[in-house]
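The block underneath contains the structure these notes are about, expressed in structure tokens.
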Amino acid sequence: MDYIDLRSDTVTRPTDEMRQAMYRAEVGDDVYRDDPTVNKLEELVAREMGKEAALFVASGTMANQVAVMTHTRRGDEIILGENSHIYINEVGGIAYLAGVQTALVTEIDGIMDAGAVEGKIRSENIHFPETSLICVENTHNKAGGRVVPLDAMKRIHDVGLRHGVPVHLDGARIYNAATYLGVEAKEIAKYCDTVNVCLSKGLCAPVGSVLAGSSEFVERARKYRKMLGGGMRQAGIIAAAGIVAVEKMSKRLDEDHENAMLLAKGLNALEGVSVDVDKVQTNLIMVDFAGTGLNGTQVAERLKANGILINGSSTSMVRFATHLYITGNDVNRTVETVSRVIKE
Ligand SMILES: *Cc1c(COP(=O)(O)O)cnc(C)c1O
């Protein structure tokens, strides 16, 4: 059965154009920097982000982990959101790999208050660790794809500048944020020193993320990537799809956002189901099934029996994600099916 797969935008398979590009890709050994396709992708993303250089890595997690390792020394402290992907969803890598401890800031709709961030910066004291990094996430995954506005980005970046602390942006979905704001991605990335861009989410590439920053930073990051086993050889085969992702797929995300809004409104109209429609900005929506008496796992089971996939858990909240392979028709069918199964 061909499922309507709303679990994540990572389920997107590469497009035909990507497969063609992969087939034709000119390649070389990227550890020797001989792969022209990887080089092209790195230059492209660096330019898109307004940075000097970039590094192709295996995943968004690797991009973030390499970034933290490169920016910090063991025993340092980094400031990040308590609901951030780096803190919640990266297997404790910042502790295990970088050996840093965390100073957590509460986000509201994915946004950290700059004053709260500044309050976490350590002063000079023999008892204190050094604050060596601030991490921001845009769009914010756990907040349901919320966009951190440019002025909020700037305020946090200004805090970093004042205290000499660099800012890393987990921009896994930076193109969704740019699409929502109607700006180029570099207008967002200018408020950070380094940025992670995921190619394998809504942009549909099969594998990979890119970490962009200064040339000096990327040179050092390259070594950490190698340490983690991320020095790939003829990686141009996958980088070729990444080029299509950036050049082409980044330009159509408004369709996913429209479908997400359609889905949000449709589901919110159902008895017992609620979505805060005003909070839907990009391709992720948070749906609360509390009023149906069902938890996420139960809803997921019933939907699966009807050809629709979601990630349910023991709570009543479920994240739905739209992407290239979710059409307006799929949205309608999903709303109809949810309406039916919650009454079963
Ligand atoms: C998915 C995601 C990542 C990690 O990307 P992977 O490629 O799955 O490792 C990092 N940050 C955010 C905000 C994400 O949504």
Side-chain angles (χ1 to χ4, degrees), residues 5-14 41 45 49 54-69 78 80-94 96-98 102 105 107 109-112 133-148 153 167-180 185 188-189 192 194-212 224-225 228-230 232 235 238-239 241-242 245-246 249-250 253 256-257 260 281-286 311 319-323:
D5 196 342
L6 296 154
R7 289 173 300 171
S8 175
D9 46 7
T10 56
V11 302
T12 44
R13 285 155 281 116
L41 172 66
V45 175
M49 296 301 134
L55 187 68
F56 183 43
V57 297
S59 66
T61 300
M62 188 183 273
N64 287 332
Q65 293 300 320
V66 165
V68 176
M69 290 170 84
I78 69 172
L80 73 176
E82 66 182 7
N83 289 304
S84 63
H85 193 282
I86 295 178
Y87 180 64
I88 303 269
N89 286 326
E90 301 191 7
V91 211
I94 49 174
Y96 192 92
L97 300 167
T102 53
V105 172
E107 308 99 322
D109 290 334
I111 303 167
M112 294 191 292
L133 186 64
I134 299 165
C135 298
V136 181
E137 186 172 315
N138 198 5
T139 65
H140 197 286
N141 178 39
K142 276 219 134 198
R146 292 283 293 191
V147 176
V148 181
M153 296 283 307
V167 175
H168 171 67
L169 170 61
D170 183 355
R173 296 188 181 83
I174 191 173
Y175 283 105
N176 294 89
T179 299
Y180 175 77
I188 301 171
C192 66
T194 58
V195 54
N196 157 38
V197 183
C198 283
L199 307 172
S200 63
K201 295 194 165 162
L203 302 186
C204 301
V207 181
S209 285
V210 182
L211 174 61
Y224 286 110
R225 180 187 69 171
L228 297 180
M232 297 182 281
I238 48 179
V246 172
M249 307 309 283
S250 66
L253 295 170
D256 300 344
H257 298 180
Q281 294 179 329
T282 59
N283 70 323
L284 306 178
I285 72 174
M286 303 303 286
N311 277 329
R319 189 194 74 169
F320 286 61
T322 59
H323 49 76

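A quick note: this is a predicted structure, and the numbers were derived from the prediction, not measured. In listed order, ligands and their atoms are each counted from 1. FYI, the numbering just counts along the sequence from 1. Just so you know, these numbers use all the heavy atoms, side chains as well, and skip hydrogens, waters and symmetry mates.
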For His323 and Asn283, test the side chains for any donor-to-acceptor distance below 3.5 angstrom and give the result as yes or no. no
Name all residues meeting the salt bridge (charged side-chain N to carboxylate O under 4.0 Å, His left out) criterion together with Arg319; count only those two or more places apart in sequence or in a different chain, and write none if there are none. none
Can a donor-acceptor pair be found, under 3.5 Å and without considering hydrogens, that links the side chain of Asn138 to the backbone of Val148? yes
Restricting to side chain to side chain contact (heavy atoms under 4.5 Å, CB included), what partner residues turn up for Asn311, sequence neighbours left out? Arg7
If you round to the nearest 0.5 Å, how far is NZ of Lys142 from OG of Ser84? 10.5 Å
Contacts table for residues 195-207: side-chain donor-acceptor under 3.5 angstrom, sequence neighbours left out:
unit_1: Asn196; atom_1: ND2; unit_2: Asn64; atom_2: OD1; d: 3.4
unit_1: Asn196; atom_1: ND2; unit_2: Asp170; atom_2: OD1; d: 2.9

Near ligand 1, which residues have a heavy atom under 4.0 Å away from one of its atoms? Ser59, Gly60, Thr61, Asn64, His85, Glu90, Glu137, Asp170, Ala172, Arg173, Cys198, Lys201
